[in-house]
Chemist: 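Below: one structure in structure tokens.
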Amino acid sequence: MWHRLSPYAKLCIDVAHPDRLLPAEPGTRQIARRLYQSTRALPIVSPHGHCDPSVLAEDRSFGDPAIELVTRDHYLLRMLYSQGVPLQSLGVQPRDGSPAETDGRQIWRTFARNFHLFRGTPSRLWLEHTLSEVFGLGVPLRPETADRTYDEMCTRLEEERLRPRALFDRFGIEFLATTDSALSDLGPHAILRASGWPGRVVPTFRPDDVVDPSRPGFRSNLEKLGDLTRCDTSSWKGYLDAIRQRRAEFARAGATASDHGHPSALTADLATPEAEALFARVTGDADSADDAERFRALMLVQMAAMSMDDGLVLQLHAGAWRDHNPSLFARFGPDIGADVPRPSGYVGALKPLLDRFGNEDRLTVVVYTLDETTYSRELAPLAGHYPALRLGPPWWFFDSPEGMRRFYRMVTETAGFANTVGFNDDARSLLTIPGRHDVARRVNAGYLAELVAEHRMAEDDAETIAADLAYHLAARTFRTTL
Ligand SMILES: [Zn+2]
């Protein structure tokens with residue numbers, strides 16, 4: 001029936017209804033509308049994501065829209081693969097060099113044919129926001145509109161106003177942190193600083209490649225770390241010096257945080273001889289999975305100690321079983337949507353770190369989890385007590401409307417809003433950042449409106465908290481103001 005409606009009505013119904021995600025009950029919806037409007041235009045603080053800094057450094061027009069929006073988005077790839085869509089047809093290149101689709105139009109057609117699979121998922125909400133608000137497309141994505149939407153996106157990506165820096169300004173991004181390997185030369189960040197462009201784009205120190213002995217290439221990465229810092233990374237002391245040096249380099253480039261992607265949240269505070277012996281084992285021939293886990297645990301406490309000195313906020317993303325599908329990993333490598341959450345414990349796992357640093361107000365540890373069951377039982381009680389601990393927003397499988405609502409319900413009665421840190425978009429493409437923040441701001445408004453409607457919170461307090469969740473908590477936690 002949609003083709004009988006006016007273009008604007010089609011857009012509202014199929015693409016972007018102005019009340020999307022707001023409560024259905026009319027009285028609560030009115031409150032939510034006011035709260036949403038009060039945060040809608042606040043600047044975006046993006047303290048964690050995976051945008052490529054060279055995109056902004058070079059400020060060239062984005063490449064093919066299908067590759068930008070589909071091939072790079074592991075949320076989309078996993079769903080499509082689960083329904084029998086071959087990854088090659090979505091542009092994912094097999095490692096053995098066998099062919100994959102390289103024509104963006106064909107990739108977009110395949111995606112459009114299968115877009116119905118995303119009904120009811122946040123991926124659909126984010127993508128529709130990008131299509132309607134960023135590209136200004138007035139038709140919903142369907143198999144029969146695939147070519148038209150693809151052509152329009154290609155045309156618009158050539159326009160100056162869709163260049164990365166122009167979009168950064170248009171989106172109102174005040175602070176954008178990228179995620180960078182400890183071995184990165186931070187070249188794009190240097191270009192950005194030297195360019196005189198005022199946009200604030202900073203790196204985040206992500207040392208998994210040199211901290212996790214189970215990563216491929218761990219030992220050669222330590223050699224690279226040694227070359228980069230002129231430290232003897234074959235010794236425990238030299239290794240720590242090298243990491244300290246790299247952190248300082250990142251901080252000079254504007255970093256305000258480190259980030260650690262660990263299979264578990266285990267921490268360990270070991271005396272120096274024990275740490276030296278463990279380091280010798282994981283860098284020698286006698287390494288084991290248990291040693292690798294213990295070494296990662298040791299390094300989290302070491303990183304917290306370094307944060308006490310250099311002020312970087314320590315983020316821990318724990319609980320992903322990466323590359324769960326071995327044959328797919330063998331064919332395509334990592335980051336193609338084959339990661340799955342696993343049960344995680346925090347009360348015992350974080351205790352060594354909290355025993356040493358939990359009472360420090362100079363340290364901020366932000367914990368993200370992929371195990372929702374730990375929110376009310378473990379993480380909210382911990383963050384509602386330890387001054388050093390904050391709860392990161394629901395992440396990855398849970399950065400969805402229902403995931404965010406569950407988070408607020410499970411966490412805020414125990415930890416309050418002040419022990420949370422606002423929203424992270426975790427975006428892979430600059431084009432998708434505002435859509436993700438918009439979904440979060442709408443969900444926040446809806447949740448707070450419920451509290452107001454039940455007379456659990458005054459509306460002016462809800463407005464303050466809506467602004468905190470949209471902007472101030474992230475700005476404060478990640479020290480985004482110079
Ligand atoms: Zn991330």
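What you see is a predicted model; the values in this text were computed from it and never measured. Counting starts at 1 for both ligands and their atoms, in listed order. Both backbone and side-chain heavy atoms feed into the values below; hydrogens, waters and symmetry mates do not.
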Chemist: Taking the six-membered ring for Trp, are the ring centroids of F175 and F478 within less than 6.0 Å of each other?
Modeler: no

Chemist: I need the minimum non-hydrogen distance between P207 and A182, along with the two atoms involved.
Modeler: CA-CB, 3.7 Å

Chemist: Please report the C-alpha distance between R247 and M303 in whole Å, then the side-chain angles of each, then the deciding distance to 0.1 Å, and finally whether the side-chain contact (heavy atoms from CB on, under 4.5 Å) criterion is met.
Modeler: CA-CA 10 Å; R247 290 173 63 105; M303 292 293 176; 3.3 Å; yes

Chemist: Run the side-chain contact (heavy atoms from CB on, under 4.5 Å) test on F417 and D468 for me, step by step, so that the C-alpha distance in whole Å, both residues' side-chain angles and the decisive distance to 0.1 Å come before the verdict.
Modeler: CA-CA 9 Å; F417 290 95; D468 284 347; over 6 Å; no

Chemist: Excluding waters, how many protein N/O/S atoms sit closer than 2.8 Å to the Zn ion (ligand 1)?
Modeler: 3

Chemist: Can I get a per-line list of side-chain donor-acceptor pairs under 3.5 Å for residues 218-225, giving both atom names and the distance, sequence neighbours left out?
Modeler:
| from | atom 1 | to | atom 2 | distance (Å) |
| --- | --- | --- | --- | --- |
| R219 | NH1 | G284 | O | 3.1 |
| R219 | NH2 | G284 | O | 2.6 |
| R219 | NH2 | D287 | OD1 | 3.3 |
| S220 | OG | G217 | O | 3.1 |
| N221 | ND2 | D209 | O | 3.0 |
| N221 | ND2 | G217 | O | 3.2 |

Chemist: Going by atom types alone, do Y386 and N419 pair a side-chain donor with an acceptor below 3.5 Å?
Modeler: no

